[in-house]
Number of protein chains: 2
Amino acid sequence: MNETSGTAAAQPTERIPAAERREQILAAASVVFGERGYSGATTDQVAKAAGISQPYVVRMFGTKEKLFLEVLARALDRLIVGFRQIIAEPREPGDDEVELLAARLGAAYVDLIEDRGILLSLMQAFISGHNPVVGAKARAGFLEIYRMLRDEAGFPPDAIREFLADGMLFNTLLAIRLPDIFDEDPDAEELMRCTFRGKLDVVLGATAAEAAEHA
Amino acid sequence: MNETSGTAAAQPTERIPAAERREQILAAASVVFGERGYSGATTDQVAKAAGISQPYVVRMFGTKEKLFLEVLARALDRLIVGFRQIIAEPREPGDDEVELLAARLGAAYVDLIEDRGILLSLMQAFISGHNPVVGAKARAGFLEIYRMLRDEAGFPPDAIREFLADGMLFNTLLAIRLPDIFDEDPDAEELMRCTFRGKLDVVLGATAAEAAEHA
DNA sequence: GTCTATAGTCCGATAGAC
DNA sequence: GTCTATCGGACTATAGAC
């Protein structure tokens with residue numbers, strides 16, 4: 001409340017290289033698409049968040065759909081590259097190799113989806129199964145993660161299911177903003193604690209930091 | 001392809017009681033909102049699916065938002081009532097009481113989200129955490145399920161987490177329509193099998209039935 | 001590299017007839 | 001109980017200047 005009109009735009013916008021501007025737009029778009037969904041988001045909201053004019057956003061990406069697809073591709077890429085890195089890290093052999101690796105991957109995942117734009121862009125893709133383009137990317141991305149866990153990480157089926165299931169529950173609880181109602185309902189915190197266990201501090205730290213940033 | 005224009009409407013629409021018409025609209029809206037999302041769906045699409053005119057949809061529910069909220073409330077209600085029924089069923093005491101009950105609830109959940117409208121309406125709500133009204137309903141609904149599992153079903157924390165996590169993975173795999181690409185990618189079926197295990201036949205049966213219906 | 005202006009659509013909601 | 005007609009607003013994308 002009482003902000004001075006939108007997200008600081010107008011004024012004689014600075015001229016910056018297209019590549020850099022592209023990144024700004026993608027970052028802004030990730031947030032806006034995440035909050036409002038593909039259909040709910042407008043190119044004007046993205047433009048305002050990036051501090052430029054609406055036609056410029058369209059000019060740079062061709063169409064709103066292409067912009068969304070690029071946002072989604074980036075999110076999937078960060079996820080896949082991040083996981084692959086962790087799997088490739090040297091580990092000592094032992095009985096709990098799977099468990100340790102799962103814990104590391106889980107922690108990395110929580111770190112990643114602390115970025116609400118990434119979290120929600122992924123979830124937007126998940127519920128777009130009916131869309132030929134977006135749906136196909138979502139399916140392909142999910143299967144790539146599956147294969148990585150099976151072939152590169154060497155997880156047995158049960159470990160894969162558990163890992164993916166936990167991830168989807170993380171997604172959901174963060175997406176519905178459960179931490180927002182810790183004050184009103186103690187069960188909210190209890191459920192978060194039972195779900196995230198050790199990782200809860202990380203999540204709450206991020207949430208608090210984000211809140212502070214927006215204040 | 002080659003369908004005779006839309007979903008059978010126009011013509012001198014039959015006069016039916018408002019209550020019955022309401023149900024028709026809600027059923028149609030569940031499907032349309034599920035496929036396109038709250039923003040992506042139009043009241044005209046709902047109207048066509050229900051076989052009536054667009055203004056009549058608005059007239060009956062006031063606004064598009066109120067219509068969506070009613071769809072969501074119905075979905076949550078079916079879920080909660082269904083679970084409560086199963087929990088209340090008599091069970092023999094034994095060591096695996098939790099496991100058995102979890103299996104029954106899981107089967108009921110899979111049955112419920114075979115209805116794509118219900119599945120996707122719920123997921124739409126999950127990603128609307130930023131929306132004050134929808135977000136609040138989603139949080140409240142999730143917490144009610146949590147309390148039910150904790151207090152009425154007597155699940156320990158780990159069982160709750162596992163149950164909820166599996167449910168969210170079910171949601172995701174069905175939402176992205178993984179069964180659609182069984183032919184193109186054998187890993188899709190493998191992942192579904194590893195996730196749904198015994199329940200896979202149920203899911204695939206439903207998917208096949210739906211496909212047949214739409215053909 | 002970036003903007004202003006605006007064309008062209010689509011959509012939710014209202015008015016009012018039957 | 002249901003429709004047709006339509007208003008007013010919002011949004012994507014294009015045109016063209018600087």
Side-chain angles (χ1 to χ4, degrees), chain A residues 5-29 31-33 35-71 124 128 131 133-134, chain B residues 5-29 31-33 35-71 124 128 131 133-134:
Chain A
S5 97
T7 332
Q11 276 95 36
T13 311
E14 201 186 346
R15 270 174 90 92
I16 40 185
E20 195 176 329
R21 190 61 91 182
R22 238 185 123 76
E23 296 304 317
Q24 289 179 347
I25 298 176
L26 283 167
V31 174
V32 175
F33 280 130
E35 292 299 296
R36 327 285 279 236
Y38 171 65
S39 306
T42 72
T43 53
D44 192 53
Q45 289 162 352
V46 173
K48 288 232 166 55
I52 58 176
S53 70
Q54 178 268 333
Y56 193 17
V57 172
V58 175
R59 168 71 64 104
M60 187 149 315
F61 289 89
T63 66
K64 178 179 160 180
E65 187 184 35
K66 283 179 189 160
L67 172 57
F68 177 71
L69 285 172
E70 180 113 12
V71 168
Q124 292 291 342
S128 302
N131 179 314
V133 188
V134 179
Chain B
S5 100
T7 332
Q11 277 93 34
T13 312
E14 201 186 346
R15 268 175 92 92
I16 47 182
E20 195 177 329
R21 190 63 91 182
R22 237 185 124 78
E23 296 305 317
Q24 289 179 346
I25 298 176
L26 283 167
V31 174
V32 175
F33 279 131
E35 291 299 296
R36 328 284 279 235
Y38 170 66
S39 305
T42 72
T43 53
D44 192 53
Q45 288 162 352
V46 174
K48 289 232 165 57
I52 57 175
S53 71
Q54 178 267 333
Y56 193 18
V57 172
V58 175
R59 167 72 65 104
M60 185 143 331
F61 289 89
T63 66
K64 178 180 160 179
E65 188 185 34
K66 283 180 188 160
L67 172 57
F68 178 70
L69 285 172
E70 180 115 8
V71 168
Q124 291 292 341
S128 301
N131 178 314
V133 189
V134 180

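Naming convention: chains lettered A, B, ... in sequence-line order (proteins, then strands); numbering from 1 in each chain. Remember, predicted model here, so these are calculated numbers, not experimental data.
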Point to revise | Atom pair distance, as rounded to whole Å: CZ in B:Arg36 and P in C:dC10 | key: 13 Å
Check your understanding: To the nearest 0.5 Å, what is the distance between CE (B:Met60) and OG1 (B:Thr43)?
Key -> 13.5 Å
Review point. Checking all strands, does B:Thr42 fall into the base, sugar-phosphate, or nothing category for heavy-atom contacts under 4.0 angstrom?
Key: sugar-phosphate
Check your understanding: Between A:Gln45 (CD) and D:dA10 (P), how many Å, whole number?
Key -> 12 Å
Study note, to complete from the structure: From OH of B:Tyr56 across to C1' of D:dC3 the rounded distance in Å is 10 Å
Practice item. Return the value, rounded to whole Å, for the distance between atom CE of B:Met60 and atom P of D:dG1. Key: 7 Å
Review point. Counting only N and O atoms by type, is there a donor-acceptor contact under 3.5 Å from the side chain of B:Thr42 to the main-chain atoms of B:Gln45?
Key: yes
Point to revise | salt bridge (Lys or Arg N to Asp or Glu O under 4.0 Å) partners of residues 56-69 of chain A, not counting sequence neighbours, each pair once | key: none
Exercise for review: Could you state the atom-to-atom distance from CG of A:Asp44 to P of C:dC3 in whole Å?
Suggested key: 12 Å
Practice item. Would you mind classifying the nucleic acid contact of A:Ala19 as base, sugar-phosphate or nothing, using non-hydrogen atoms under 4.0 angstrom? Key: nothing
**Study point:** Parallel, tilted or perpendicular, as decided by the 30° and 60° cut-offs, for the rings of A:Phe68 and A:Phe33
**Key:** perpendicular
Practice item. Could you check how far CD of B:Glu14 sits from P of D:dT2, rounded to whole Å? Key: 9 Å
Practice item. Rounded to the nearest angstrom, tell me the gap between atom CD in A:Gln24 and atom P in C:dG1. Key: 13 Å
Side-chain donor-acceptor contacts of residues 18-27 of chain B below 3.5 Å, not counting sequence neighbours, with atom names and distances?
residue : atom : partner : partner atom : Å
B:Arg21 : NH1  : B:Gln24 : OE1          : 2.7
B:Arg21 : NH2  : B:Glu14 : O            : 2.8
B:Arg22 : NH2  : B:Glu70 : OE1          : 3.2
B:Arg22 : NH2  : B:Glu70 : OE2          : 3.4
B:Glu23 : OE1  : B:Arg74 : NH1          : 2.8
B:Glu23 : OE2  : B:Arg74 : NH1          : 3.4
B:Glu23 : OE2  : B:Arg74 : NH2          : 3.1

Practice item. Summarise protein proximity over nucleotides 13-18 of chain D in one line of letters, 5' to 3': B for base, S for sugar-phosphate only, - for none, counting protein heavy atoms closer than 4.0 Å. Key: BB-B--
Review point. For B:Lys48 and D:dT4, what is the distance between atoms NZ and P respectively, to the nearest whole Å?
Key: 11 Å
Practice item. List the steps, then state whether side chain to side chain contact (heavy atoms under 4.5 Å, CB included) holds for A:Thr63 with A:Val58. Key: CA-CA 6 Å; A:Thr63 66; A:Val58 175; over 6 Å; no
